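Each remark here refers to the structure printed beneath this line.
Chain A is the first sequence line, chain B the second, and so forth, proteins listed ahead of strands; every chain is numbered from 1. As the structure is a computational prediction, the values presented were derived from the model and not from experiment.
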Amino acid sequence: DQQVKQNSPSLSVQEGRISILNCDYTNSMFDYFLWYKKYPAEGPTFLISISSIKDKNEDGRFTVFLNKSAKHLSLHIVPSQPGDSAVYFCAADNSGNTPLVFGKGTRLSVIA
Amino acid sequence: GAGVSQTPSNKVTEKGKYVELRCDPISGHTALYWYRQSLGQGPEFLIYFQGTGAADDSGLPNDRFFAVRPEGSVSTLKIQRTERGDSAVYLCASSPGGGAVGYTFGSGTRLTVV
């Protein structure tokens, strides 16, 4: 049973437009959520996170929204740039009591 | 070191052989995690160390997999009698303490069992 789901395996967006990556979770004990970005042949790198006490966190071009009642979060990238092309993983944590649980990832392609 | 170092970066082995994968965490990080990423999947948790002890090994798929961290720094993931299904990228991450904040991943070891 997948506790963190990313239902879109891939997404293609034009440069300058908004990219929206979605993530759903099933475990109501999760209270901290993270997005990681992964380039080929590299490990995942931390991008942005959000605590369950918030519904939005912004860092430059990246914003994460959390809807706890729907158990849904999304990552918005605006404006999208070709260098944003990578695989994005959503991950969730339970107050540090268990290791991070990852989704399957969404491959974002930003077309110039 | 500056980051998490994993060696080798690539390993090809024959079915049935034994392999060891090494992880050098960031100096001072007490928590160390092993994950496995198969093609088209996200990282799947294998085992977590806090210091020298395995705090959670619930993700190890079977008794062919074993990991150690004898001095609380470097960790070795050991796989016995490798099978083709073990082919994946094995990722190591470290963090200053338990919890989600501050996970830093290495570049991984790509294991191919032929």
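- Hydrophobic clustering keeps B:Y48 apart from B:W34 (ILVMFWY residues linked when any side-chain heavy atoms are closer than 4.5 Å, directly or through intermediates).
- Interatomic distance, CG of B:L91 versus NZ of A:K38, reported as 6.5 Å (0.5 Å rounding).
- Tracing side-chain contacts under 4.5 Å through hydrophobic residues (I, L, V, M, F, W, Y), one reaches A:W35 starting from A:F62; they form part of the same cluster.
- Atom OH of B:Y103 is separated from atom CG of A:L34 by 9.0 Å, given to the nearest 0.5 angstrom.
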>> Run the side chain to side chain contact (heavy atoms under 4.5 Å, CB included) test on A:Y36 and B:F105 for me, step by step, so that the C-alpha distance in whole Å, both residues' side-chain angles and the decisive distance to 0.1 Å come before the verdict.
In response: CA-CA 10 Å; A:Y36 281 80; B:F105 280 89; 3.9 Å; yes
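- A pairwise comparison of heavy atoms in A:A41 and B:S107 identifies O-CB, 4.0 Å as the closest pair.
- Between the NZ atom of A:K104 and the CD atom of B:Q37 there is a distance of 12.0 Å, given to the nearest 0.5 Å.
- Residues B:V113 and B:Y18 do not share a hydrophobic cluster, defined by chaining ILVMFWY side chains whose heavy atoms lie under 4.5 Å apart.
- Between chain A and the options B:P43, B:S58, B:G108, heavy-atom pairs under 4.5 Å are most frequent for B:P43.
- When hydrophobic clusters are built by joining Ile, Leu, Val, Met, Phe, Trp and Tyr residues whose side-chain heavy atoms come closer than 4.5 Å, directly or via intermediates, B:V89 is not grouped with B:L77.
- At a threshold of 4.5 Å between non-hydrogen side-chain atoms, the residues A:L100 and B:Y35 count as touching.
- Hydrophobic clustering keeps A:Y25 apart from A:F65 (ILVMFWY residues linked when any side-chain heavy atoms are closer than 4.5 Å, directly or through intermediates).
- Remark: A:R61 CZ is packed, more than 12 non-hydrogen atoms of other residues, nucleotides or ligands lying under 6.0 Å away.
- With rounding to the nearest 0.5 Å, the separation of CZ in A:F102 from CZ in B:F45 is 11.5 Å.
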